[in-house]
2 protein chains.
Amino acid sequence: MKNRLKVLRAERDWSQQALADLLEVSRQSVNAIETGKYDPSLPLAFRIADLFALPIEEIFIRN
Amino acid sequence: MKNRLKVLRAERDWSQQALADLLEVSRQSVNAIETGKYDPSLPLAFRIADLFALPIEEIFIRN
DNA sequence: GCGTTATGTCAATTACGCTTTACATCAGAT
DNA sequence: ATCTGATGTAAAGCGTAATTGACATAACGC
């Protein structure tokens, strides 16, 4: 699973910490997801999709 | 997170075991997800969406 | 009755999502 | 040169996703 988090964040000029606050997770969680250390849980993926107003499929990519 | 797994499975007349085989998870996992014991991981949610050829948002519902 | 299939559930275990705390590096500003 | 913000990473711990194995029950055909 790859994801477009870093780009979406850059488009809005948000820091990892700012995004983490909006998502109510730790900065390390955002960092770990961006750097591909692990995938978010489904509920967190939904929160991310809601925040960016995009379908999950346009943020997270199979494979 | 609610989901429409049971209905989608019924529409295709698949047993929990048959679905588990297609998803390559245990029957207990399918059962646990259907009965709301827990949410699937994001990768598994994608596999489910792919299998039913539906967007994740049409299978899993917020709240 | 008996065997089979489907479903629900429990216990015990492994793997992973997410946390806090902490440390290191780099870029930019003063 | 120093301070600050941003990022990457690591360890330890907690909760949960997912596993296997097992047991119970209901529905069905034979």
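Everything quoted here is computed from the prediction, not taken from an experiment. Protein chains get the first letters and strands the later ones, always in sequence-line order, with residue 1 at the start of each.
Both B:P43 and B:A32 lie near DNA chain C, and the one whose nearest nucleotide falls closer to the 5' end is B:A32. Residue order along DNA chain C, read from the 5' end via each residue's closest nucleotide, puts B:S15 first among B:S41 and B:S15.
One atom, CG of A:N3, and another, P of C:dG17, lie 12 Å apart when rounded to the nearest Å. Atom CD in A:Q28 sits about 11 Å away from atom C1' in C:dC23, given to the nearest Å. The separation between A:Q17 atom CD and D:dG5 atom C1' is 11 Å, rounded to whole Å. Remark: C1' of D:dA6 and CZ of A:R12 are 19 Å apart, rounded to the nearest angstrom. Protein atom CG of B:D39 is 14 Å distant from nucleotide atom P of C:dG17, rounded to whole Å. Rounded to an integer number of Å, the gap from CE of B:M1 to P of D:dT16 is 16 Å. Look at CG on A:L5: it is 16 Å from C1' on D:dA6, rounded to the nearest Å. Whole-Å rounding puts the B:D13 CG to C:dT5 P distance at 15 Å.
Between B:E34 and the choices B:K6, B:R4, B:Q16, the side chain to side chain donor-acceptor pair (under 3.5 Å) rule is met once, by B:Q16. With A:F52 as reference, A:W14 is the one residue of A:F46, A:F60, A:W14 to meet the ring-ring contact (aromatic ring centres under 6.0 Å, His included) rule.
Residue A:R9 places at least one side-chain N or O under 4.0 Å from the OP1 or OP2 atom of D:dT7. Considering only side-chain N and O atoms, A:S26 lies under 4.0 angstrom from the phosphate OP1 or OP2 of C:dT19. Look at A:K37 and you won't find any side-chain N or O under 4.0 angstrom from OP1 or OP2 of C:dC16. At the phosphate of D:dG8, OP1 or OP2 sits under 4.0 Å from a side-chain N or O atom of A:Q16. Between C:dG8 and B:K6, a contact under 4.0 Å exists linking OP1 or OP2 to a side-chain N or O. Taking side-chain N and O atoms only, A:N31 has no distance below 4.0 Å to OP1 or OP2 of D:dT7.
Under a hydrophobic clustering in which Ile, Leu, Val, Met, Phe, Trp and Tyr are joined whenever their side-chain heavy atoms come within less than 4.5 Å, directly or via other members, B:L5 and B:V7 fall into different clusters. Hydrophobic cluster membership differs between B:I61 and B:I56, with clusters built from Ile, Leu, Val, Met, Phe, Trp and Tyr side chains linked at under 4.5 angstrom.
Other residues, nucleotides and ligands contribute only 12 or fewer heavy atoms inside 6.0 Å of the CD atom of B:E24.
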